[in-house]
Amino acid sequence: MRTHQHWYVPWLFLAVGLTVTITFILFPFFNTLGLAFTDATLLRDGQFTGADNFRRMFNDSRFWTALLNSTLYVVVVVPFMVVLPLILATLVAGKGRLLGFFRTAYYLPVVMSVVIIGLIWTNLLDSRGMVNSLLQWVSAIDSPIPFLTDRWLLLFSAMMVTIWSGLGYYMVIYLAALANIDQSLYDAASVDGAGVVRTFLSVTMPGVRATMMLIGMFSSIAAFRVFGEVYVLTGGTGGVGGRNVTMTMLIQNEGTGLQAETGYAGAISISMFVIMGALLLAQLWYQRREREDV
């Protein structure tokens, strides 16, 4: 049988994906890029103002506060997200009902809504919450710890919530990577007398190095874009005086509401895109150098 393939046939298979990409990714991106150079608001289109929004952004103390908070989030959260899920995956790898129970328990926060997670931890960390009540009951503290009112304690509390809720997701990725490690390497380590820690450092970690790099990339992007945890713990205010606001929260504050300045929010969004792009390129360069060294 002869078949006649027209030039447009492959495009028919790509039509749905291309439509979604153009509608929800490319068009919003270029629209935001255009808004960044205007004084547009929610109620008017605005006029071209050049780089005024970017000059305003660099002189805005709220922008530097948000950038500091988001950067600290990456610096603190990413190492935990890379190492702790690997330890959990190593502990629960294998077969058995008990291990299956722990795998399910660790993964449970992943399927929970960020709002629900935030409300749970807000109640736990409140001045009258279970954590402070328990510490006062055992006479560890005399007065409640201001987890949700102190700037740095609130920020680190949000980081802890992010780590807790993300462990299960990255644990599953590590479980898949651990299954690809040659069992003979563990047998050789056992014959050589290597202990649990030595085996973990010499066999497990090198065996999942590529996965560790990948998780480091994913978690750093997610940490820099954090929104839900900080938003819920602060009640949407960004903390006392807005000192715990992150980049995404600042964009949300400037780009929504009747007083929204969509042009200025677009400029902040573009700066965030550039920073995340630079972070991604730096990680890709590091991965490439690691492969060349090996």
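One-based numbering along the sequence shown.
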(message) Can you confirm whether T248 sits close enough to F224 that some side-chain heavy atom of one is under 4.5 Å from a side-chain heavy atom of the other?
(response) no

(message) Looking at S70 and L67, would you say the former's side chain and the latter's main chain have a donor-acceptor pair under 3.5 Å?
(response) no

(request) Give a yes or no answer on whether the side chain of T41 reaches the backbone of E261 with a donor-acceptor pair at less than 3.5 Å. (result) no

(request) Indicate yes or no: at least one non-hydrogen side-chain atom of F273 is less than 4.5 angstrom from one of L33. (result) no

(request) Give a yes or no on whether the backbone of L155 and the side-chain of Y73 come within a donor-acceptor separation of less than 3.5 Å. (result) no

(message) By the side chain to side chain donor-acceptor pair (under 3.5 Å) test, which pairs, at least two apart or in different chains, include something from residues 214-243?
(response) T162-E229, S220-Q283

(message) Hydrophobic clustering (ILVMFWY, side-chain heavy atoms < 4.5 Å, transitive) - are L91 and I215 grouped together?
(response) yes

(message) So, using salt bridge (Lys or Arg N to Asp or Glu O under 4.0 Å) as the criterion, who are the partners of R62 when residues are at least two apart?
(response) D60, E254

(request) Check step by step if side chain to side chain contact (heavy atoms under 4.5 Å, CB included) holds for L154 and D150. (result) CA-CA 6 Å; L154 196 155; D150 181 82; 6.0 Å; no

(message) Are more than 12 heavy atoms, taken from residues, nucleotides or ligands other than D187, located less than 6.0 Å from that residue's CG atom?
(response) yes

(request) State whether R44 and D39 are salt-bridged, where the test is any N-O pair (Lys NZ or Arg NE/NH1/NH2 against Asp/Glu carboxylate O) under 4.0 Å. (result) yes

(message) When you compare the side chain of I268 with that of M272, does any pair of heavy atoms fall below 4.5 Å?
(response) no

(request) Kindly work out whether a path of hydrophobic side-chain contacts (I/L/V/M/F/W/Y, heavy atoms less than 4.5 Å apart) joins I270 to L35. (result) no

(message) Quick test of your reading: applying side chain to side chain donor-acceptor pair (under 3.5 Å), list the pairs with at least one residue in residues 10-29, sequence neighbours left out, ordered by first then second residue.
(response) none

(request) Check ring-ring contact (aromatic ring centres under 6.0 Å, His included) between W64 and all other residues, then give those that pass, not counting sequence neighbours. (result) none

(request) For a side-chain contact (heavy atoms from CB on, under 4.5 Å) with F156, tell me which candidate from V161, L72, V76 qualifies. (result) V76

(message) Between N69 and M247, does the side chain to side chain contact (heavy atoms under 4.5 Å, CB included) criterion hold? Intermediate values first, please.
(response) CA-CA 8 Å; N69 292 334; M247 292 289 286; over 6 Å; no

(request) Could you note down all residue pairs passing side chain to side chain donor-acceptor pair (under 3.5 Å) where residues 122-140 supplies at least one of them, sequence neighbours left out? (result) none

(message) Tell me every residue that passes ring-ring contact (aromatic ring centres under 6.0 Å, His included) with F54, counting only those two or more places apart in sequence or in another chain.
(response) F37

